[in-house]
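Worth knowing before you read on, the calculation uses all heavy atoms, side chains too, and leaves out hydrogens, waters and symmetry mates. Note that the coordinates shown come from a computational prediction; the quantities given were computed from them, not determined experimentally.
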Amino acid sequence: MKVIILGTAWPYRGGLAAFNERLARQYQQEGHEVEIVTFTLQYPSFLFPGKTQYSEDPAPEGLKITRKLNAINPISWWRTGRYIKKQRPDLVITKFWLPFMAPALGTANRVCKRKGMRRISILDNLVPHEKRPGDKQFAKYFVGSVDGMVAMSRSVLADADLFDPKHLKPKVFCPHPLYDHYGETLTRKEALDLMGLRESQHYVLFFGFIRGYKGLDLLFDAMADERMARLGVKLIVAGEFYGDPKPYQEQIARLDIGDRVVMHTDFIPDHEVNRYFCAADLVAQPYKTATQSGVTQIAFHFEKPMLVTNVGGLPEIVPDGKVGFVVEPDAQQIADAIVRYFDENWQQRLTEGVRQEKQKYLWNNMTEAIEKLK
């Protein structure tokens, strides 16, 4: 079978590129021919001013990546669709995450259509966390361009039905697979030594791009709880600001928690991701809204218990009391859960739960889910 994956890939960086590249390797392992068709321009500079979009990592070996699509140039949308059609793939997979991309991705999908080819989308979100005018119309346009959809959380599966009320398109739920390509597992000491941190402290990790809906402000408020000092808990923040960092900096100063927070707010290259997760005792995702998150799947890979909030699909992936704790997006509940985790020695039992639960998130589950959409 010939497979084309349409979406983000190297030289772009971040979770979307990592997902598409890992999915491509899974199809290769299963004996298929794979090509990723990605962007020449993904985000115009006015969306993320001053932010570099490009990875410092070398091109992934063994993957065919073709740059064709310009997110804001309609001519390129048609050219990309014609290019894909000319390759005569059996399957085109589009990762959809943002209505802004719907005109480009939806048009390319429409143009590339041919008899005998399936066009499947893997949905991160249809209704975005930060809503803008026209989002619903854009999402509807994209849904009309595919033959079937895989949702990675049940909340997104329900959203897909809103854009396909007559249920004309097949849909299936398949949870986000493990991110298992971020290097070897390090010992806690090895990871802490690489980061210059002390073994005597407890560490909670907040990982990924810093955006308002991810609730880092709630986690800062939780870290101001004096019980954190008693327990020797520190917070590692690892990821770039996607917005003004000043409110967060002012919050740290106002709460006087500078000695409890380790800020690593540059982009974390792939080869350094393992040290952050292997150094952490607990991974926190205090999101205010969510569908699913790739961070949970990195935590599963490195067998780290998690603290998540009761929003979107996060409680589906992190069963409360088995692989982590689920709380409401409230600073006091977050603080209480962190204290409970360390005070009551939950780490060993939750780590064992993570080892068992991670078997659900193998990559062949995703390719099998796509195969069902006929």
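Taking 4.5 Å as the limit, every side-chain heavy atom of Pro74 sits out of range of all side-chain heavy atoms of Thr107. Here the side chains of Val283 and Phe207 are not in contact, with every heavy-atom distance at 4.5 Å or above. Taking 4.5 Å as the limit, every side-chain heavy atom of Phe277 sits out of range of all side-chain heavy atoms of Tyr182.
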Stepwise side chain to side chain contact (heavy atoms under 4.5 Å, CB included) test for Lys189 and Glu199 = CA-CA 7 Å; Lys189 183 179 187 308; Glu199 286 188 76; 3.6 Å; yes

Give the C-alpha distance, both sets of side-chain angles, the deciding distance and a yes or no for side chain to side chain contact (heavy atoms under 4.5 Å, CB included) between Phe300 and Met306.
-> CA-CA 9 Å; Phe300 269 118; Met306 288 161 268; 3.9 Å; yes

Give the intermediate values and the outcome of ring pair (Phe, Tyr, Trp, His ring centres under 6.0 Å) for residues Tyr276 and His264.
-> CA-CA 10 Å; Tyr276 288 90; His264 287 223; 5.4 Å; yes

Going through the checks in order, is the side chain to side chain contact (heavy atoms under 4.5 Å, CB included) test met by Leu255 and Arg260?
-> CA-CA 11 Å; Leu255 296 172; Arg260 300 180 193 175; over 6 Å; no

Should Thr296 and Gln285 be marked as a side chain to side chain donor-acceptor pair (under 3.5 Å) after you check the CA-CA gap, both sets of side-chain angles, and the distance that decides it?
-> CA-CA 8 Å; Thr296 58; Gln285 295 177 266; 4.8 Å; no

Test log, rule side chain to side chain contact (heavy atoms under 4.5 Å, CB included), inputs Tyr27 and Met1 = CA-CA 9 Å; Tyr27 273 109; Met1 182 171 67; 4.0 Å; yes

Hey, mind stepping through Ser153 and Glu316 against side chain to side chain donor-acceptor pair (under 3.5 Å) and telling me if it holds?
-> CA-CA 8 Å; Ser153 74; Glu316 299 170 20; 5.1 Å; no

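A distance-only check finds a donor-acceptor pair linking the side chain of Arg67 to the backbone of Phe39 [under 3.5 Å]. Panel note: side chain Ser121, backbone Met149; no donor-acceptor pair is recorded below 3.5 Å. Judged purely by atom type and a 3.5 angstrom limit, Lys169 has no side-chain atom pairing as donor or acceptor with the backbone of Asp164. Between the side chain of Arg275 and the backbone N or O of Met195 there is no donor-acceptor pair closer than 3.5 Å. Counting only distance, with no hydrogens or angles, the side chain of Tyr287 and the backbone of Asn310 share no donor-acceptor pair below 3.5 Å.
Residue Leu186 belongs to a hydrophobic cluster whose other members are Leu194, with links defined by side-chain heavy atoms closer than 4.5 Å.
Counted within 6.0 Å of CZ on Arg154, heavy atoms from surrounding residues, nucleotides or ligands total 12 or fewer; the atom is thus considered open. Within 6.0 Å of the NZ atom in Lys2, the count of heavy atoms belonging to other residues, nucleotides or ligands exceeds 12. Counted within 6.0 Å of CD on Gln348, heavy atoms from surrounding residues, nucleotides or ligands total 12 or fewer; the atom is thus considered open. For Lys113, the NZ atom counts as loosely surrounded, since its 6.0 Å shell holds 12 or fewer non-hydrogen atoms of other residues, nucleotides or ligands. Counting non-hydrogen atoms of other residues, nucleotides and ligands closer than 6.0 Å to CD1 of Ile75 gives a total of 12 or fewer. The environment of Lys288 atom NZ is dense: over 12 non-hydrogen atoms of other residues, nucleotides or ligands sit within 6.0 angstrom. By the neighbour-count criterion of 12 heavy atoms within 6.0 Å, atom CG of Asp244 is densely surrounded, having more than that number from other residues, nucleotides or ligands.
For the pair Arg82 and Trp78, the cation does not sit on the ring face, since its NZ or CZ is not both under 6.0 Å from the ring centre and inside 45° of the axis. A cation-pi arrangement is absent between Arg227 and Phe342 under the rule of less than 6.0 angstrom and at most 45 degrees off the ring axis.
Salt bridge absent: Asp336 and Arg340 never bring a charged side-chain N and a carboxylate O closer than 4.0 Å. Using a 4.0 Å cut-off between charged side-chain N and carboxylate O, Glu352 and Arg355 make a salt bridge. Using a 4.0 Å cut-off between charged side-chain N and carboxylate O, Arg25 and Glu61 make no salt bridge.
Using the six-membered ring where Trp is involved, Trp97 and Tyr43 have ring planes that are perpendicular, over 60° apart on the 30 and 60° scheme. Ring orientation note: the planes of Tyr179 and Trp363 are tilted relative to one another, at an angle of 30° to 60°.
Pairing each heavy atom of Gly7 with each of Thr38, the nearest pair is O-OG1, 2.8 Å. Heavy atoms only, all atoms of each residue included: Val204 and Ala284 are closest at CG1-CB, 3.7 Å.
Hydrophobic cluster membership differs between Phe96 and Phe173, with clusters built from Ile, Leu, Val, Met, Phe, Trp and Tyr side chains linked at under 4.5 angstrom.
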